[in-house]
Amino acid sequence: MSEDRTEEAPAYRYTASLAGEIETRWQDTWESEGTFHAPNPEGSLATGAPVPEDKLFVQDMFPYPSGAGLHVGHPLGYIGTDVFARYHRMTGRNVLHTLGYDAFGLPAEQYAAQTGQHPRTTTENNITTMRRQLRQLGLGHDPRRSFATTDPEYYRWTQWIFLQIFNSYYDTEQDKARPIGELIEQFERGERLAEDGRAWSELSATERRALLNSYRLVYISDAPVNWAPGLGTVVANEEVTADGRSERGNFPVFRKNLRQWTMRITAYADRLIDDLALLDWSDQVKTMQRNWIGRSHGSHVRFAAGDRTVEVFTTRPDTIFGTTYLVLAPEHELVDELVTDAWPEGTASAWTGGAADPRTAVAEYRAATARKSDLDRQENKDKTGVFTGSYARNPVNGRQLPVFVADYVLTGYGTGAVMGVPGEDQRDWDFATAFGLEIMRTIAPPEDFEGEAYTGEGPMINSANPELGIDLDGKPKDEAIAEIIAWLEANGHGNGTVQYKLRDWLFARQRYWGEPFPIVYDENDLPVALPEDQLPVELPEVEEYAPRTFDPEDADSEPSPPLSRATDWMYVTLDLGDGPKQYRRDTNVMPNWAGSCWYHLRYADPVNSEAFCDPVNERYWLGPRVNEHGANDPGGVDLYIGGMEHAVLHLLYARFWQKVLYDLGHVSAHEPYRRLFNQGYIQAYAYTDSRGQYVPADEVTESEGKFFHNGAEVRREYGKMGKSLKNVVTPDEMCADYGADTFRFYEMSMGPLEASRPWATKDVVGAHRFLQRLWRNVVDEQSGKHRVSEEPATEEDRKALHRAIAGVHEDYANMRFNTAGAKLIELNNHITKVYAKTESTPRELVEPLVLMLAPVCPHIAEELWSILGKDGSLAHGPFPAADPAYLVDETVEYPVQVRGKVRSRIIVPSEAGEDEVRAAALADEKIAACLDGEPRKVIVVPGRLVNVVP
RNA sequence: GCCCCAGUAGCCCAACGGCAGAGGCAGGCGACUUAAAAUCGCCACCGGUGCGGGUUCGAAUCCCGUCUGGGGCACCA
């Protein structure tokens with residue numbers, strides 16, 4: 001397509017090579033002029049002049065600088081935000097738009113482990129490549145605000161935020177995080193006691209520290225975590241797929257008790273759910289977050305089992321009369337205490353697991369469960385379990401309930417124990433059926449109900465015990481739940497409660513390429529926060545970048561982080577207030593998500609060395625704006641664009657950190673992203689031959705609906721773009737063949753930004769032809785001078801122009817870039833039709849067209865603007881305004897329908913009233929012909945149509 | 001199994017409940033050319049909006065059911 005017929009083409013035809021020349025030149029100009037520098041109200045990015053009150057903060061999701069380079073799908077969102085940002089900048093707003101790099105992570109480390117090249121080198125090379133690829137697209141970013149999470153000046157503040165979290169606790173009374181110092185004061189004043197009831201003054205210094213550590217928002221716990229031996233690190237719950245493997249690398253994951261940093265995100269569970277209501281996000285993402293947090297209201301119920309008590313969690317305490325057994329998770333701590341030495345008389349053989357006594361049966365069952373991977377537990381939903389030999393007593397009816405151990409009860413949720421209510425829970429029904437347990441209904445199903453467990457609504461039955469003063473019979477569900485909870489609480493058998501699926505966030509990784517913890521350990525092995533002036537804690541040089549990895553199935557292996565082998569770095573002598581002492585550094589690094597939790601804040605104040613973000617700058621760019629967004633505005637980035645894949649992880653973590661910083665008074669916004677927009681993906685066709693091998697997609701030809709490669713038919717599939725699928729198209733190719741403006745226009749015109757669609761290189765030429773025609777309407781291809789006259793445009797021209805202006809305005813503002821593009825083509829087609837064959841085009845048509853084109857195709861627009869004799873850039877406007885006088889016509893054509901079908905058309909003056917329109921319609925001969933006397937009804941929609949009902 | 005989203009011309013896609021077609025690709029005809037490509041101009045095909053019902057004067061649009069495709073969740077008591 002990059003045609004070598006330059007000798008024939010006129011010297012100033014808009015070809016790919018001319019586009020390339022124009023584009024490079026304007027990119028250089030923008031850079032040297034600082035065209036996209038957005039002033040801050042405070043600090044070194046302030047200009048001294050007051051900043052406009054009207055601002056816009058647009059942000060793209062942080063890219064990871066991959067070594068593979070970009071394909072045409074990657075910049076879709078970046079171009080979308082750029083068009084939006086440029087449009088608003090032209091209307092006079094102060095627009096913050098930039099792009100940084102989320103550069104810590106596994107690929108650079110794995111590459112380092114293979115080649116010995118330092119991850120920093122790999123990362124920096126990749127960033128350089130990506131910057132070059134993006135620069136040629138002409139994105140209007142403020143380069144001063146770009147950074148990488150791997151910059152020590154950036155992760156210094158990531159560590160600083162970690163320390164803020166470390167030095168806080170969650171006050172459940174005030175429902176906010178507070179500085180740990182305020183907790184100390186409460187202990188000192190005696191307002192709080194240690195868990196064992198001792199006063200602060202009775203505790204040793206070490207005990208005091210341990211006590212405080214148990215309150216911190218980030219704490220070290222010795223709890224079951226997800227250990228992936230094949231990856232050599234632990235991972236967060238969120239990073240484990242449904243089939244029990246690591247999202248990264250797809251390795252098996254095992255539960256293992258390890259000492260690990262954990263963030264108390266669960267303290268924020270309610271606020272993270274409730275504040276979703278304040279956000280302009282899609283319901284889909286909100287629902288995913290709600291489901292992930294998984295709040296369910298229910299109650300704890302305590303069942304006496306001998307001298308022990310089994311506490312269960314249930315969302316259906318109303319069904320308690322239907323309980324016929326209890327189940328504990330295999331890992332439950334009470335199992336050892338409840339298991340008996342011999343089977344009770346008459347124990348069914350199905351309950352024994354074939355063992356001679358309960359102790360053996362439980363031990364064997366537990367061992368079998370431990371051997372099962374999560375995948376096995378997942379796939380095999382047959383109910384298994386064994387009887388412990390013990391019975392518990394149902395407090396509402398005194399019934400004896402056999403206590404089982406079964407792996408369908410999960411240890412991490414609720415109390416790890418459930419009451420078996422087969423009548424109203426299908427899982428319990430399945431278990432009861434498998435073990436021959438009694439099934440009793442306590443809710444009457446409808447007469448025609450043919451299922452097993454009945455989980456629907458209905459009147460309660462079999463649920464009264466007059467002696468205890470309980471009578472739920474006949475009552476609806478909500479009433480029954482409220483009543484039984486009140487009874488349980490009054491009688492000490494339980495209490496209403498709320499459960500969450502969300503668990504605390506495992507925050508340490510045994511890797512190299514991540515942020516080190518700003519923590520050292522003293523001789524008591526207790527963590528000590530480093531003072532702020534010792535930040536950043538930089539990564540040491542090491543011999544081996546990779547952690548030790550193990551056989552992916554070796555569940556008994558232990559993590560061995562790379563930093564633990566940097567012994568010179570690990571042991572330090574510091575004076576932290578009580579004289580020089582030796583300390584040991586923490587050898588974990590933070591997970592990948594840390595850096596992306598707060599980058600929006602750093603964008604707002606990127607070079608501040610005194611603070612992570614000056615409060616004045618934070619308030620200006622991110623603060624709540626009640627006047628624009630209403631009284632409940634939480635603040636945050638005005639528009640955040642990215643893919644759906646971060647719906648839970650990144651967006652939940654970032655919201656959590658934002659709320660902590662808000663509670664501690666560091667920021668004025670309590671949500672990071674006011675508006676979230678999920679873009680679609682550009683996908684591509686791939687082709688396989690008869691052996692199932694991929695063939696290069698650009699060599700495939702189509703004929704009569706079939707596809708051929710070298711004469712042989714190939715099979716088409718639809719999906720991702722990727723090297724292995726041999727269907728990658730790069731922005732570099734598109735820029736070389738057509739220019740960046742053509743590429744940008746095409747990407748935006750393919751469809752709405754939120755839709756996924758297939759890439760079609762052959763369609764790109766349409767966008768190129770449009771720009772070529774437009775160029776020719778403005779520029780003489782022979783001389784390169786403009787061919788614009790000062791002659792006035794016609795009435796008809798002006799109508800076309802102002803209709804376009806009005807439509808394009810609205811389309812840009814609502815991110816309908818595809819229809820904005822269509823309207824520009826339409827206007828240009830009109831101009832071409834009227835003026836292409838004449839000497840010149842009226843300036844009053846050309847200038848607005850060029851300005852309206854600028855957000856999508858900024859380089860050609862700048863060039864045309866300058867050829868038209870304008871000084872400077874059009875990046876800051878003006879943007880044309882539509883004159884309403886040209887939006888109305890003198891006459892209107894009304895289609896006239898009879899019974900909803902168009903039968904005729906009439907033309908009436910646009911100011912004609914309904915009656916006149918009606919009369920004109922009925923007078924039309926074609927309509928009169930359809931009518932048999934007076935019509936029953938005539939509907940006149942002003943400006944639209946007439947519908948006659950005979 | 002459950003929950004979202006989407007189905008309009010050969011393809012990508014437009015249409016406040018009001019004329020199904022804005023725009024692009026592909027296609028046809030013509031101009032330029034020795035010719036082809038590229039460029040330019042013109043043209044229109046064909047679909048009654050996945051399917052079946054309903055509401056309405058009027059439905060691509062709203063409601064119910066159903067099919068297909070894409071995404072998410074999945075023993076969470």
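A note on names: the letters A, B, ... follow the listed sequences, proteins ahead of strands, and every chain is numbered from 1.
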| field | Nucleotide rG18(B), atom P - distance to CD of Q897(A) in whole Å | value | 11 Å
| query | In terms of side-chain heavy atoms of N818(A), which of rG41(B), rA14(B), rA77(B) is nearest? | reply | rA14(B)
| task | Return yes if the base of rC25(B) and the side-chain atoms of D763(A) contain a donor-acceptor N/O pair under 3.5 Å, otherwise no. | result | no
| query | For rG27(B), does the O4'-C1'-N9-C4 (purine) or O4'-C1'-N1-C2 (pyrimidine) torsion place it in syn, i.e. within 90° of 0, or in anti? | reply | anti
| said: Would Y500(A) and Y413(A) count as a ring-ring contact (aromatic ring centres under 6.0 Å, His included) here? Give the steps. | reply: CA-CA 8 Å; Y500(A) 305 89; Y413(A) 185 75; 9.4 Å; no
| note | Side-chain contact check for K762(A): nearest option of rA14(B), rC57(B), rA26(B) is rA26(B)
| Integer-rounded Å distance: rC4(B) C1' and Q289(A) CD | 15 Å
| message | Among rU39(B), rC57(B), rG41(B), which nucleotide has an atom closest to any side-chain atom of N947(A)? | response | rC57(B)
| message | What's the gap between rA15(B) and rG53(B) when it is taken at their C1' atoms, as a whole Å value? | response | 25 Å
| message | Less than 3.5 Å apart, any donor N or O on the side chain of T819(A) or D811(A) sitting next to an acceptor on the other? | response | yes
| task | Give the nucleotide from the list rA22(B), rG58(B), rC25(B) with an atom nearest to the side chain of R769(A). | result | rC25(B)
| note | Closest non-hydrogen contact found for E747(A) with W759(A) is OE2-CZ3, 3.4 Å
| field | Integer angstrom distance from the P of rC51(B) to that of rG7(B) | value | 13 Å
